[in-house]
Colleague: 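Sharing a structure here in structure tokens format.
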Amino acid sequence: MDLREESSRFGSLPSTTSRNLSSSSSTFFSANQSPFFSPRSPKSLVSACSDNQFRDSDVTSAALDASLGILGPESFANARLSDAYPVALASAANDLQKLDFVSSSTSNSKSTIASYNVGPEHEYLRPRGKQKKSGRTQETCVTPTSTSSLSNRVRNCDVYIGFHGRKPLLLRFMNWLRAELEIQGLSCFVTDRSRCRNTRKHGMVERVMDACTFGVVILTKKSFRNPYTIEELRFFASKKNLVPVYFDLRPEDCLVRDIIERRGEHWEKHGGELWLLYGGLEKEWRDAVNGLLRVDEWKLEAHDGKWRECILRAVTLLALRLGRRSVVDRLSKWREKAEKEEFPFPRNENFVGRKKELSELEFRLFGDVSGDAEKDYIELKARPKRRNLTISWSRSNSINERRFERPSDNKRKGKEPVTWKESEKEIEMLNAEVSQTQQHAPKPRNSKKHGRRNNSLKVVYGKGIACVSGEPGIGKTDLLLEYAYQFHQRYKMVLWIGGESRYVRQNYLNLWSFLEVDVGVENSPDKSRIKSFEEQEEAAVARVRKELMRDIPFLLIIDNLESEKDWWDHKLIMDLLPRFGGETHVLISTRLSRVMNMDPIKLNYLSEIEAMSLMQGAVKDYPIAEIDALRVIEDKLKRLTLGLAIVGAILSELPINPSRLLDTINRMPMKEIIYIRRENHPLRRNNFLLQLFEVCFSIFDHADGPRSLATRMALASGWFAPSPIPVSLLALAAHKIPEKYPRQRMLKKVLCSLTCGFTSSYARKSEAEASSLLLRFNIARTCRKEGYIQFHQLIKMYARKRGVTGVAQATVQAVITRGLIAQHSEHIWAACFLLFGFGSDPMIVELKVSELLFLVKEVILPLAIRTFITFSRCAAALELLRRCTDALEAADQAFVTPVDKWLDKSLCWRPIQTSAQLNPCLWQELALSRATVLEIRAKLMLRGGQFDIGDDLIRKAIFIRTSICGEDHPETISAHETLSKLTRLLASVQNHTSNRS
């Protein structure tokens, strides 16, 4: 959030306050503002939503009643989850026990629960008082508070923060420091005293300086020419509570002699006898600068972009001095988590080029550049005056939007004033003078040509969003990864999520663990009414989005965005993003030519020198003939970074020269590759790259024998989810791929039985060797998470199109037998897509009835409940259960179909009509499993107020259980209780509707 958007709030603190304070509670003192203070945040617990295992469990009706919280009004107060919760779902207790649907609470609940505000209702976007904007500085006039209130806040001030300057990077750093201190419970007072315009305000600031516990002074190259900064240094140094923060300086740069004599690159322009600039005394100025040398305990340096390290160290030291040990412990835990999970991949040591793209990304996100980029950066083109910039912003109906306009009164030379307008459908930046005239202007003759130009957003600088587009394999992910590593110190954390349309919403909600926010359905602020499924999903997204809209800067990277709309509900992905222009930056990579009506950075091919350096690998000296062969390879690969990296790996790992490699690739047959009809398919554009993949697989087979484990792992990777794959799960899927010759498979089983004692160690060794082979040849890339590897999208596409029989079946079997719900949920969802054929996709894998029962009991039910409860993804969970019900009904229909085998008809002198009669126990288990799924669906329908659908589902479950178990069975009785609740609620809704009409 820009500093100019700060506003005051002197209201008393509520009795219950979250630890993550809103950015509106921050304190900022600027020109024409009364100084005010941020409230002291009470200590509160960090949300600790445990991510439990949903495996090795049994699902019963009583467990579901307790887990879904469907309790009677008389027993709710005394209900205990542990009493009604068997071993079936004991591991899921923390995720399920909070889903407390109570029928009586719909009409009797009167409690008030704090809730998040989303959209423009967010507090820091509310205009308080009169706002006046001139240029880049907004001044807010605030109604002064009473003397007693001010004196109380003066006494409660922990940290005073003084700074001088209006540069965007400085304000961003200062905002982050203040917000981080406030989130950890330290009250702050922030001011640029040079902007105080009367003695009353200066007097108030002086009282704050005298009352605060510590004085933080942010030092820049221009600070030593500011009399107020010099006074702050002298004052806090005399009290021995000075905390200097070196923003764009080092402590060794702040020497009196160097500054006066203009020594060093910093002081050639900004040095000299600086006390003369404001009419001060030389002795006082020297004492203030020399006082910095005596502050040994506080060496807080933020130069070279080390913002995160500086701010976290400052918060830690201040918290220790103030006796806040819990803050130190919380920050240490957060550091450990960030070190392990912040980046998905290690930094690419072979990254070459892209300096211009990195600088442009920095400029688009920050609106400014630093370091070497200032010297040789881009030539910016001025925007035409009469061109509109529009960003589409779709909004959900349940979120109230407020029109918020901030007009600019002043005009600067050569530029026209700009007005930001915000409505429910879009955010527009229009020319203030021509916005009204353009509404009535006639359309041009060539409407298509001009309409496309008017509807496009060319370039937006400094608004915190940037997009990189390019074809697959050109290096978009590597560019984003390099940017993240270069600038990660400017953000509290890099949040990396995959942008595949089926997984992007789940990946977004997975950020709850980093943002310390609960996205489950139990975190409902309004217990007086039943929310629809859509409202519950929107509320979960709004909680994550609100955390990203605070003054804490995050870098949200969406890698490989497939579509602008979510696959599940076709809502715009833009609804997930924080508001542009805030502290959080959004970086997107995509194959799309245009995203959110915004022109992305078109990623071009590497230059010839960069491509050659990437291919040559460890060998740099080749004869001219070999250099020519490299040029031919480079041209045929179209300089795709993926292909160049694989070529460089082959030349480095094998004793082969480029000309021989070129000949080998050209001779590689393409008979096994399925013909692709779509002309724009990525695999059809470059057959030479596919031949290179085949060369790699041939190398693997030559090194490890026919059908090597590395090749089978690469083929199995195509059926996993786009996220990183655990090596153990990938190797298990590769081992399950059927052999071409059954006799060889039988011989392997015999050998394995004879050497069972050495199997596990040998298997682990072979898995490590196979994964190492894939990594060395750049077929896969290593991940920061130990035991995981990632495959490129093109390689996964090729693995699917290669069409090896049984690979999808082996992958599904490996995932459902060894996959863990909490750790491998994306891969389990990918297996469900193959099994049930979501959307228009066909069912690729079919399971036996026994395997289907295991899948439903151990995988589908825990996955659906966790998806619904922990992440509020109601539509996805209900669709999964519906598809599961259809599969169970199809299997049941096959059981009751008459059999035609003569052997079945001749058993026991009595003809058997159906498979259910042949195997009655399996048929009963299948029917009871379907009844369990129907009951769960009915109970989930209660959560969304769809009582009529739930009533129909629970009646089907009761019929099945009555037919098999009888009326007096506990599960049948439990289903009847659920039916009575549904009937009562449905009647209540009908009565309420009739009374209103």
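Computed over heavy atoms, backbone and side chain alike; hydrogens, waters and symmetry mates excluded. As the structure is a prediction and not an experimental result, all values here were calculated from the model.
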Colleague: Is it the case that the side chain of Lys476 and the backbone of Gly470 share a donor-acceptor pair, with hydrogens and angles ignored and the cut-off at 3.5 Å?
Modeller: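 It does hold such a pair.
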
Colleague: Going by heavy atoms in the side chains, are Arg364 and Ile601 under 4.5 Å from each other?
Modeller: yes

Colleague: Trp568 and side-chain contact (heavy atoms from CB on, under 4.5 Å): which single residue from Glu879, Glu537, Arg505 fits?
Modeller: Glu879

Colleague: Ignoring hydrogens and angles, tell me if any N or O in the side chain of His827 forms a donor-acceptor pair with the backbone of Pro724 under 3.5 Å.
Modeller: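 Yes, the answer is positive, given that a donor and an acceptor are paired below the 3.5 Å cut-off.
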
Colleague: Checking side-chain contact (heavy atoms from CB on, under 4.5 Å) between Ile497 and each of Leu556, Leu561, Asp559, Ile557, which is the one that passes?
Modeller: Leu556

Colleague: Test your reading of the model: is there a side-chain donor-acceptor pair from Glu564 to the backbone of Ile573, 3.5 Å cut-off?
Modeller: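 Not a single qualifying donor-acceptor pair exists.
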
Colleague: Measuring only between side-chain heavy atoms, which start at C-beta, is Leu888 closer than 4.5 Å to Ser929?
Modeller: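 Answer yes - side chains close enough.
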
Colleague: Tell me whether Gln536 contacts the main-chain N or O of Ser872 through its side chain, where contact means a donor paired with an acceptor under 3.5 Å.
Modeller: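 No: the side chain of Gln536 does not pair with the backbone of Ser872.
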
Colleague: Go through it in stages, so that I can follow the logic: the residues are Arg866 and Ser825, the test is side chain to side chain contact (heavy atoms under 4.5 Å, CB included), and I'd like the CA-CA distance, side-chain angles, deciding distance and then a yes or no.
Modeller: CA-CA 10 Å; Arg866 180 177 185 267; Ser825 61; 4.1 Å; yes

Colleague: Are Glu851 and Gln813 side-chain neighbours, meaning at least one heavy-atom pair lies under 4.5 Å?
Modeller: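 Side-chain contact under 4.5 Å: yes.
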
Colleague: Between Arg883 and Gly837, is there a donor-acceptor pair closer than 3.5 Å when you use the side chain of the first and the backbone of the second?
Modeller: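 Pair found, side chain donor or acceptor close to backbone of Gly837.
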
Colleague: Do side-chain atoms of Glu342 reach the backbone of Trp496 as a donor and acceptor pair under 3.5 angstrom?
Modeller: no

Colleague: Salt bridge between Lys337 and Glu516, side-chain N to carboxylate O under 4.0 Å?
Modeller: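 No salt bridge links Lys337 with Glu516.
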
